[in-house]
Amino acid sequence: MWPGVCRPAAAASTTPMRWSQLFIPTLRDAPADAEVVSHKLLLRAGYVRQLAAGFYCYLYLAKRSINKIEAIIREEMNAIGAQEIFLPEVHPAEIWQESGRWDAIGDDMFRFKDRFGRDLCLGMTEEEVVTWLARGEMRSYKQLPQIWYQIQAKFRDEPRPKSGLMRVRRFTMKDSYSFDIDAAGLDVSYNKHYDAYCRIFSRCGLEYLAIEAHSGAMGGSESHEFVVPSDAGEDRVVECAASGYAANLEKAVAQAPAPTEPDPEGDAAPAELATPNQKTIAEVAAFDGLPETHHIKTLVLVADGQPVMALLRGDRQLNETKLASLLGANEIRPAHPEELRQWLGADAGSLGPVGAPKSMRIVADTALEGRKNLVAGANKTGFHLRNVTPGRDFAAEFVDIREVEEGDLDIESGQPVRLRKCIEVGHIFKLGYKYSQSMDLRVSGDEGKEVTPIMGSYGIGVERILTAAIEQNHDEAGMAMPAAIAPFEVVVTPINWKTDEQREAAETLYASLLEAGVDALLDDRAERAGVKFNDADLAGIPFRVVVGKKVTEGLVELAVRSTRQSSDVKIEEVVGLLREKLAAAKA
RNA sequence: CGGGGCGUGGCGCAGUCUGGUAGCGCGCCUGCUUUGGGAGCAGGAAGCCGGGGGUUCGAAUCCCUCCGCCCCGACCA
């Protein structure tokens with residue numbers, strides 16, 4: 001009854017790696033609700049199943065792949081002297097209240113109460129916990145620097161989970177935290193992470209970019225994101241091949257092309273122009289016959305309760321992130337129509353800086369600096385003003401608040417930049433003193449005085465590496481996983497399991513692969529060849545050794561998943577050849 | 001949270017408009033044949049049609065309501 005019992009004894013020790021015994025539920029058709037490639041393939045290849053929106057079960061293949069990713073991360077983290085720890089995923093509200101994030105974060109945090117009514121949350125990240133830990137135990141500058149890391153589940157109550165494992169509510173993160181005595185020390189810890197991250201993503205077989213990033217709600221100064229270019233990504237990255245500049249669109253800077261025509265000459269005072277029902281820049285430009293670049297786009301926003309006027313050249317878009325960081329605002333929203341009428345006496349579409357209340361802060365994009373005789377709203381519904389000259393007719397702070405667009409010119413090289421969608425796989429932050437200060441972490445310094453350590457925090461999304469690897473390596477047949485993170489390195493596929501020579505040769509070959517340290521799988525199913533080939537291709541196993549008729553001549557076939565090339569190889573040479581190919585693929 | 005779509009065996013879908021007690025393909029199980037890219041034949045198992053309420057002699061189908069999932073947007077370390 002038990003198949004294993006009547007099999008040759010040699011096979012008994014490795015039973016779990018026989019395909020016939022594994023639970024790999026491959027699907028011929030992709031479930032209808034999967035949209036992006038990696039999501040479809042993860043489902044079809046039997047890697048994952050969804051439990052609920054944003055919550056996934058990782059089946060055997062996914063788990064093996066994730067284990068390999070984690071092993072690479074551990075090796076590289078250990079190599080920079082980071083110490084692995086493991087923290088609770090449930091946190092008491094108190095520590096988050098101390099840092100101020102209990103209130104700052106909002107609905108993204110899963111919160112609940114225990115039986116006694118105490119407030120708890122599921123960890124989204126663990127700055128508070130490590131700071132609490134350090135505060136209790138760290139006494140002296142002599143104990144610094146420290147780098148602690150863990151690989152742990154993280155929870156975020158995403159408003160819209162999507163795209164398979166790309167944006168989920170429970171995921172695995174490698175998060176690390178550094179404590180240093182001063183900024184120079186933080187630079188060292190930060191750079192160690194930067195280098196380790198480069199090695200990790202390379203070893204995982206990803207084509208990635210390290211880009212300048214916005215530090216967002218994390219606080220802190222410098223920040224880099226590690227991203228993988230892919231259309232399935234959600235981050236937009238500005239890149240200049242000539243200079244090597246790369247930055248998240250949220251903070252990217254570039255030079256906007258010059259206005260399409262020179263500014264009109266003359267120094268006439270602003271003059272009213274009736275523009276009935278002409279609201280958008282495009283409408284007004286069509287109406288007055290001037291190019292969009294000769295118009296001032298006026299946006300009124302409310303930043304943490306304070307009204308702010310943002311001015312842009314007509315053809316440009318506001319970058320809210322830039323504006324928010326300039327203002328130091330947590331929350332920014334467009335002003336309501338009633339507010340506009342109250343503050344400026346006009347409706348959206350006719351707003352402008354001339355005659356705006358003195359109390360209103362006005363921020364103008366640098367692309368408006370030095371311009372003259374432009375068109376702006378008159379703060380009178382249905383009217384605009386001609387001959388508006390910044391500096392003369394209104395005062396403003398000139399700051400770069402515009403969003404970079406494809407084709408804008410790189411600051412350094414002057415070459416056009418390009419915009420690419422990317423998947424964020426890692427992010428590193430110089431936190432500064434945000435947590436050590438708010439949570440009273442101090443150690444004694446070398447002169448006996450207390451010193452506040454400076455911190456950094458560093459994250460890697462483990463499942464995002466898997467997702468990005470699939471997005472970057474697939475074809476019609478399925479995944480073509482990088483060897484370093486594929487669930488198995490090699491699959492041995494006998495064409496006809498009932499043929500004694502093929503079965504025995506496959507068993508022997510499989511055993512010697514295992515002995516040689518190759519992570520191999522034996523496809524011992526009584527399926528037809530096509531089924532086995534298709535499943536192996538779907539699952540993305542990098543190398544396949546086919547044991548067919550030619551085995552009687554001492555030949556097997558070696559197929560490479562990524563190139564879909566195959567060739568006959570002498571059976572006694574396969575193991576050595578595979579070891580070479582694997583070493584090369586994982587280098 | 002706004003807009004759109006979908007919920008019928010494991011997967012993909014039809015049936016809903018026009019009410020009559022559920023069907024197709026793939027997969028699964030058994031047997032025989034077959035065996036180098038998702039085999040053929042024969043037989044078989046499997047669905048309270050997302051939940052609740054209502055209308056009706058009768059509801060997958062009509063009405064009300066709730067829930068879930070996907071997509072676009074908002075949001076997002």
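Just so it is clear: chains get the letters A, B, ... in the order the sequence lines come, proteins before strands, and each one is counted from 1. These numbers were taken from a predicted model, which means no experiment stands behind them.
B:U34 atom C1' lies 9 Å from atom NZ of A:Lys498, rounded to whole Å. Between the CE atom of A:Met166 and the C1' atom of B:C76 there is a distance of 15 Å, rounded to whole Å. In this structure, the CG atom of A:Asn496 is 14 Å from the P atom of B:U33, given to the nearest Å. When the P atom of B:C76 is taken as reference, atom CZ of A:Phe110 falls 17 Å away, rounded to whole Å. Rounded to whole Å, the distance from CD on A:Glu234 to C1' on B:A74 is 13 Å. One interatomic measurement links the two molecules: CD of A:Gln50 to P of B:G68, which rounds to 13 Å at whole-angstrom precision. We find that CD of A:Glu35 is positioned 17 Å from P of B:C69, with the value rounded to whole Å. Between the CG atom of A:Leu43 and the P atom of B:C69 there is a distance of 15 Å, rounded to whole Å.
For A:Pro31 and A:Met124, each mapped to the nucleotide of RNA chain B holding its nearest heavy atom, the one lying further toward the 5' end belongs to A:Pro31. Map A:Gln502 and A:Ala34 each onto its nearest nucleotide of RNA chain B; the residue landing nearer the 5' end is A:Gln502.
One C1' atom belongs to B:A45, the other to B:G7, and the distance between them is 25 Å to the nearest Å. The separation of B:C70 from B:G31, taken at their C1' atoms, amounts to 42 Å, rounded to a whole angstrom. With both ends at atom P, the span from B:C64 to B:C17 equals 15 Å, rounded to whole Å. Nucleotides B:G50 and B:U61 are separated by 16 Å at their C1' atoms, to the nearest Å. With both ends at atom C1', the span from B:A59 to B:U21 equals 9 Å, rounded to whole Å. Going from the P atom of B:U55 to that of B:C63 covers 15 Å, rounded to whole Å. A distance of about 26 Å separates the P atoms of B:C71 and B:U65, rounded to the whole Å. B:G68 and B:C49: their C1' atoms are spaced 16 Å apart (whole Å).
A:Arg169 places a side-chain N or O within 3.5 Å of a backbone atom of A:Ala53 that can act as its donor or acceptor partner. Distance alone, capped at 3.5 Å, places no donor-acceptor pair between the A:Lys570 side chain and the A:Gly554 backbone. Between the A:His427 side chain and the A:Glu424 main chain, no donor and acceptor come within less than 3.5 Å of each other.
Aromatic rings of A:Tyr194 and A:Tyr458 (six-membered ring for Trp) have centroids beyond the 6.0 Å cut-off, not under it.
Across all strands shown, B:G25 forms a Watson-Crick or G-U wobble pair, both distances under 3.5 Å, with B:C11. Taking a pair to require two hydrogen-bonding distances under 3.5 Å in either a Watson-Crick or a G-U wobble arrangement, B:C32 pairs with B:G40. Nucleotide B:G2 forms a Watson-Crick or G-U wobble pair with B:C72, both donor-acceptor distances falling under 3.5 Å. Nucleotide B:U56 is matched to nothing when pairs are restricted to Watson-Crick or G-U wobble geometry with both distances under 3.5 angstrom. Taking a pair to require two hydrogen-bonding distances under 3.5 Å in either a Watson-Crick or a G-U wobble arrangement, B:A45 remains unpaired.
Shortest non-hydrogen contact noted between A:Ser230 and A:Glu471 is OG-CB, 3.7 Å. The shortest heavy-atom contact between A:Trp19 and A:Asp524 is N-OD1, 3.3 Å.
For A:Arg544 and A:Phe533, the positive end sits near the middle of the six-membered ring, less than 6.0 Å away and at most 45° from its axis. Relative to the six-membered ring of A:Trp102, A:Arg111 meets both conditions, a distance below 6.0 Å and an angle of at most 45° to the axis.
Remark: A:Lys162 is not in phosphate contact with B:C69, judged by side-chain N or O atoms under 4.0 Å from OP1 or OP2.
Side-chain proximity of A:Ser163 to the nucleotides B:C71, B:C75, B:C69 is greatest for B:C71. Distance from the side chain of A:Arg160 is smallest to B:G73 among B:U35, B:G73, B:G25.
The residue A:Met173 sits close to a base: some heavy atom pair falls under 4.0 Å. Residue A:Asp29 is in base contact, counting any heavy-atom pair closer than 4.0 Å across all strands shown.
Note that CD1 of A:Ile73 is 4.5 Å distant from CD1 of A:Ile460, once rounded to the nearest 0.5 Å.
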The contact string for nucleotides 37-42 of chain B, one letter per nucleotide 5' to 3', using protein heavy atoms under 4.0 Å with B, S and - for base, sugar-phosphate only and none, comes out as BBB---
